[in-house]
Amino acid sequence: MKQMTWIFASVLLLALSGAAIGQAEKPMAPRTIRQVLDFWVTETEQLVVPAADAMPEDQYSFAPSNGEFKGVRSFAEQVKHLAAANYQLGAGALGEEPPAGTRNEAAPDSVKTKAEIMEYLKGSFALLHRAAATIDEKNMNEPIQKMKNRTRLWLVIDAVAHSSNHYGQMVEYLRMNGIVPPASR
């Protein structure tokens, strides 16, 4: 009987402690579309920017050559292309123009050194954050004629997806050069 009482008391104690823990946790408040978009822009930025910075400047011209890699972008071109697309899509969501010389998902010719590319890349994410901050449940699906009737929501999601695609390429280039990507360290 003593053992049964002990088991019962233990089970009761466990049950009550679970109830107490459950009461201490507050349910998460629903997130706005603005918060969700900014979260994904931040997550992508925290992968891409350190990866771009991890490649030494003297390797920024690296492009794979063994195998079927004819005509692929160099590391620098990958980063510039990603940033230019961010600028174009973010600016489109804001109804603005991207930086001068940014066109067809290509960076201005003046962006050449690693420092210039990094500045351009960081600026592109700053613009995406600004674009995400303007999107709400009322305007997220309004078509933007200048952007082929794509919506603000579509443009920011496209920027994140596109950035993620090129991040994968950047990771491969880093590894081909014996560099472990920062997110994998």
Next on the checklist: Could you work out, with salt bridge (Lys or Arg N to Asp or Glu O under 4.0 Å) as the rule, every residue matching Arg103, not counting sequence neighbours?
Outcome noted: none
Next on the checklist: With a sphere of 6.0 Å drawn around CG of Asp58, does it hold more than 12 non-hydrogen atoms of other residues, nucleotides or ligands?
Outcome noted: yes
Item to check | Under 3.5 Å: donor-acceptor pair, side chain of Arg34, backbone of Ala133 | outcome: yes
Next on the checklist: By the side-chain hydrogen bond (donor to acceptor under 3.5 Å, both in side chains) test, which pairs, at least two apart or in different chains, include something from residues 135-145?
Outcome noted: Glu142-Arg152
Checklist entry - After noting the C-alpha distance and the side-chain angles of Gln88 and Leu155, does the key distance pass the side-chain contact (heavy atoms from CB on, under 4.5 Å) rule? => result CA-CA 9 Å; Gln88 288 182 279; Leu155 293 170; over 6 Å; no
Item to check | Heavy-atom closest pair, residues Thr102 and Pro108 | outcome: OG1-CD, 3.6 Å
Checklist entry - Can you find a heavy atom in the side chain of Val41 that is under 4.5 Å from one in the side chain of Val160? => result yes
Checklist entry - With a cut-off of 6.0 Å (strictly less than), are more than 12 heavy atoms of other residues, nucleotides or ligands near CH2 of Trp154? => result yes
Checklist entry - For Arg130 and Leu127, which heavy atoms make the closest approach, and how far apart are they? => result NH2-CD1, 3.0 Å
Next on the checklist: I'd like to check the side-chain hydrogen bond (donor to acceptor under 3.5 Å, both in side chains) partners of Lys146; sequence neighbours left out, ordered by chain and number.
Outcome noted: Glu97
Next on the checklist: Could you check whether any side-chain N or O of Glu105 sits under 3.5 Å from a backbone N or O of His81, counting only pairs where one atom can act as donor and the other as acceptor?
Outcome noted: no
Checklist entry - Between Val48 and Ser163, which heavy-atom pair has the shortest distance, and what is it? => result CG2-O, 4.1 Å
Checklist entry - With side chains defined as the heavy atoms from C-beta onward, is the minimum distance between Ile179 and Pro56 less than 4.5 Å? => result yes
Checklist entry - Do Phe62 and Phe75 have ring centroids that are under 6.0 Å from one another? => result no
Next on the checklist: Quick check for you: to the nearest 0.5 Å, what is the distance between Asn165 atom CG and Leu82 atom CG?
Outcome noted: 9.0 Å
Checklist entry - Are Met118 and Val79 side-chain neighbours, meaning at least one heavy-atom pair lies under 4.5 Å? => result no
Next on the checklist: Using side-chain heavy atoms (C-beta onward) and a distance below 4.5 Å, is Phe39 in contact with Val36?
Outcome noted: no
Item to check | side-chain hydrogen bond (donor to acceptor under 3.5 Å, both in side chains) involving Ser164 - partner list, sequence neighbours excluded | outcome: none
Checklist outcome for this item: Residue pairs passing the salt bridge (charged side-chain N to carboxylate O under 4.0 Å, His left out) test with at least one member in residues 42-54, sequence neighbours excluded, are Asp53-Lys114
Item to check | Point-to-point distance, once rounded to the nearest 0.5 Å, from CG of Asn86 to CG of Leu128 | outcome: 4.5 Å
Item to check | Residue list, salt bridge (Lys or Arg N to Asp or Glu O under 4.0 Å) with Glu116, at least two apart or on another chain | outcome: none
Item to check | Qualifying residues under side-chain hydrogen bond (donor to acceptor under 3.5 Å, both in side chains), relative to Tyr167, sequence neighbours excluded | outcome: none
Checklist entry - Which residues satisfy the side chain to side chain contact (heavy atoms under 4.5 Å, CB included) test with Ser184, sequence neighbours excluded? => result Arg175, Val180, Pro181
Item to check | Student check: side-chain heavy atoms of Ile117 and Thr113 closer than 4.5 Å | outcome: no
Item to check | Pair Gln169-Arg73, side-chain contact (heavy atoms from CB on, under 4.5 Å): steps then yes or no | outcome: CA-CA 10 Å; Gln169 296 298 313; Arg73 292 182 175 102; over 6 Å; no
Next on the checklist: So does Ala52 get a backbone contact from the side chain of Tyr60, meaning a donor-acceptor N/O pair under 3.5 Å?
Outcome noted: yes
Next on the checklist: The test is side-chain contact (heavy atoms from CB on, under 4.5 Å); show your working for Ser74 and Tyr173 and say whether it passes.
Outcome noted: CA-CA 9 Å; Ser74 69; Tyr173 285 27; 5.7 Å; no
Checklist entry - Of all residues at least two apart in sequence or in a different chain, which pass the side chain to side chain contact (heavy atoms under 4.5 Å, CB included) check with Ala83? => result Tyr120, Leu121, Ser124
Checklist entry - What residues form a side chain to side chain contact (heavy atoms under 4.5 Å, CB included) with Met140, not counting sequence neighbours? => result Ile33, Ile135, Leu153
Checklist entry - With a cut-off of 6.0 Å (strictly less than), are more than 12 heavy atoms of other residues, nucleotides or ligands near CD of Glu96? => result yes
Checklist outcome for this item: By side chain to side chain contact (heavy atoms under 4.5 Å, CB included), Thr134 pairs with (sequence neighbours left out) Leu94
Item to check | Over all atoms of both residues, closest heavy-atom pair of Ala91 and Pro98 | outcome: CB-N, 3.7 Å
Checklist entry - Closest heavy-atom contact between Ala84 and Ala107? => result CB-N, 3.7 Å
Next on the checklist: For the OH atom of Tyr87 and the NZ atom of Lys80, what is their distance to the nearest 0.5 Å?
Outcome noted: 13.0 Å
Item to check | Close side-chain approach of Pro143 to Arg150, heavy-atom, < 4.5 Å | outcome: no
Next on the checklist: Let me confirm one number: the OG-CD distance from Ser61 to Glu77, rounded to the nearest 0.5 Å.
Outcome noted: 9.5 Å
Checklist outcome for this item: For Asp38, the side-chain hydrogen bond (donor to acceptor under 3.5 Å, both in side chains) test, sequence neighbours excluded, returns His129
Checklist entry - How about Val156 and Trp40: do any of their side-chain heavy atoms sit closer than 4.5 Å? => result no
Next on the checklist: Is there a path of hydrophobic side-chain contacts, each under 4.5 Å between heavy atoms of I/L/V/M/F/W/Y residues, joining Val49 to Leu37?
Outcome noted: yes
